[in-house]
Number of protein chains: 2
Amino acid sequence: MKRARKYKDAEERKARLLKTAAGCFARHGYEKAGLREICAKAGANLAAIKYYFTNKRGLYREVLISSHSQMIENEAMPMPVPGQTAAEALRQWVHFFLRAFVFKQTKRPQLALIIAREMIQPTSFLGELVTLFIRPIRDRVLDIVTALTGPELPAELRQILCHNVIGACLHYDHAHLVLERLGFKRPNGPGEVARLADLLADFILGGIRHCVAARAQPCETPRRRQETW
Amino acid sequence: MKRARKYKDAEERKARLLKTAAGCFARHGYEKAGLREICAKAGANLAAIKYYFTNKRGLYREVLISSHSQMIENEAMPMPVPGQTAAEALRQWVHFFLRAFVFKQTKRPQLALIIAREMIQPTSFLGELVTLFIRPIRDRVLDIVTALTGPELPAELRQILCHNVIGACLHYDHAHLVLERLGFKRPNGPGEVARLADLLADFILGGIRHCVAARAQPCETPRRRQETW
DNA sequence: CTCGATCATAAACAATCGTTTATAATCAGG
DNA sequence: CCTGATTATAAACGATTGTTTATGATCGAG
């Protein structure tokens, strides 16, 4: 009655399927990842996917949510600490983000790739991905940015600053193949990742401060582009 | 002898195939774009692709290089102007980049999407794409950054700054679907694009200046992250 | 007109995809 | 052991893919 181990333990096989499926989805994308390849690498049969996940969609869905729980239990996003400067919080966040996404020190490094694909070629699960992964990250960054600029800055500007922050960081993940071809040596090891994170944090902090300064006393440099080209 | 119009003019059909193929490749990606759909929309036969381009790969290749020539003859990247501040040059470049890529005011708006895909899921043409499109852009930004920081800043740091610049801008293209779901209203029309470009230029200028300042007199804010989490 | 090269079209090919069906193997309970 | 539900496996299905073949239409030149 009490769920004794059957056969070769269904849980283990299911987990193995999820893991190798995550790898295949990350490498080839949802469309081109073949169920036969996944099953072969996981040592399972083709019909096992129908049995456990009913569908390819179902398999993909479970990959997403299992990657989510794996991630938050592996390395949670840093939350505000009482006696912390906003600048320190930002620096801390950049370190977290680069470590989790660019230099994928997590147990499921495929998640970042899957999200990157989903951004450009979304499936029907992009909505869930946004609410599960992306919006919490954005909200945290928005808090930090607001702490840096003060709430008197219009919300739209703070939102744009927030996207600038994420964009600058995410570029090192999304474009890493191009960056390598351009001669950029990928940070190797936690030390180099931390160094890049510090440089990025400096860049971002300066950018935010300059934006609020330019907002306070506008037109230090001519804001309107010259139409001479 | 002198290439009189044959049938329905092969050049026109080839051009129409290229155009609709660019759209399909941009919308569905290289793998999932179907030759049958392309031919149906272009009003051509399936075998015409083998005739004109020998392959699906050949078609994709010609889409890339034709998009390139179309782009540079449509809106060229701004080149350095003698009596121009480096800050002005940067602002000018940001305007160009956002207009060409984010708010795709060009004749072939598909190119940005194709490049975005190629970055994450590269085909064997990524190398050509880098030398044709991406490296020239990077080199121009690197020139501007060097003019801003001075050549005494280590080349590696200038390279990183350069990537920060491109990453912040490119994010508004790569992640635009996610940004919309996060409540970001896409800039609509040249005026709003110019406004976003100005804000981005402010952010970037402040970031670069702060990085050279932090390099000159280090440790204004604690650079090392605190390991308390 | 006739011939040969160029271009167009439809049908078929071989491979792969996700999904399903049919059947065999393995367990718990009676 | 026997039964019935659960799990595993292999084979096949129907659809779609890129590619090819075979044939027919259209032109310029002789």
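- Using cut-offs of 30° and 60° on the angle between ring planes, the pair His174(B) and His174(A) is tilted.
- Regarding Leu17(B), its CG atom lies at a distance of 14 Å from the P atom of dG18(D), rounded to whole Å.
- Spacing between atom NZ of Lys56(A) and atom P of dG18(C) amounts to 4 Å, rounded to whole angstrom units.
- For the pair Glu180(B) and Lys185(B), the salt-bridge criterion is not met [side-chain N within less than 4.0 Å of a carboxylate O].
- Using a distance-only test at 3.5 Å, with no hydrogens or angles considered, a donor-acceptor pair links the side chain of Lys56(A) to the main chain of Glu31(A).
- Put simply, CG on Leu35(B) is 17 Å from C1' on dA8(C), counting in whole angstrom units.
- Regarding contacts with the backbone of dT19(C), every side-chain N or O of Lys50(A) stays at 4.0 angstrom or more from both OP1 and OP2.
- The distance between atom CD of Glu37(B) and atom P of dT17(D), rounded to the nearest whole Å, is 9 Å.
- Not one side-chain nitrogen or oxygen of Arg57(A) sits closer than 4.0 Å to the OP1 or OP2 atom of dG18(C).
- You'll find that the side chain of Tyr51(B) is closest to dT6(C), out of dG18(C), dT6(C), dT9(D).
- Here the C1' atom of nucleotide dG18(D) and the CD atom of Glu31(A) are 17 Å apart, to the nearest Å.
- Phosphate contact (OP1/OP2 of dT19(D), side-chain N/O of Asn55(B), threshold under 4.0 Å): present.
- The shortest distance between the side-chain N/O atoms of Arg36(A) and the OP1/OP2 oxygens of dT19(C) is not below 4.0 Å.
- Using a 4.0 Å heavy-atom criterion, one finds that Ile49(B) contacts no nucleic acid atom at all.
- Between the NZ atom of Lys32(B) and the P atom of dT16(C) there is a distance of 19 Å, given to the nearest Å.
- Because its NZ or CZ atom is not both nearer than 6.0 Å to the ring centre of Phe25(A) and within 45° of the ring axis, Lys32(A) does not count as a cation-pi partner of that residue.
- For the pair Tyr30(B) OH and dT17(D) P, the computed distance is 14 Å after rounding to whole Å.
- Between Tyr172(B) and Phe184(B), the ring centre distance stays below 6.0 Å.
- For Leu46(B) and dT16(D), the CG to C1' distance is 12 Å, given to the nearest whole Å.
- In this model, the phosphate group of dA8(D) is approached by a side-chain N or O of Tyr52(A) to a distance below 4.0 Å at OP1 or OP2.
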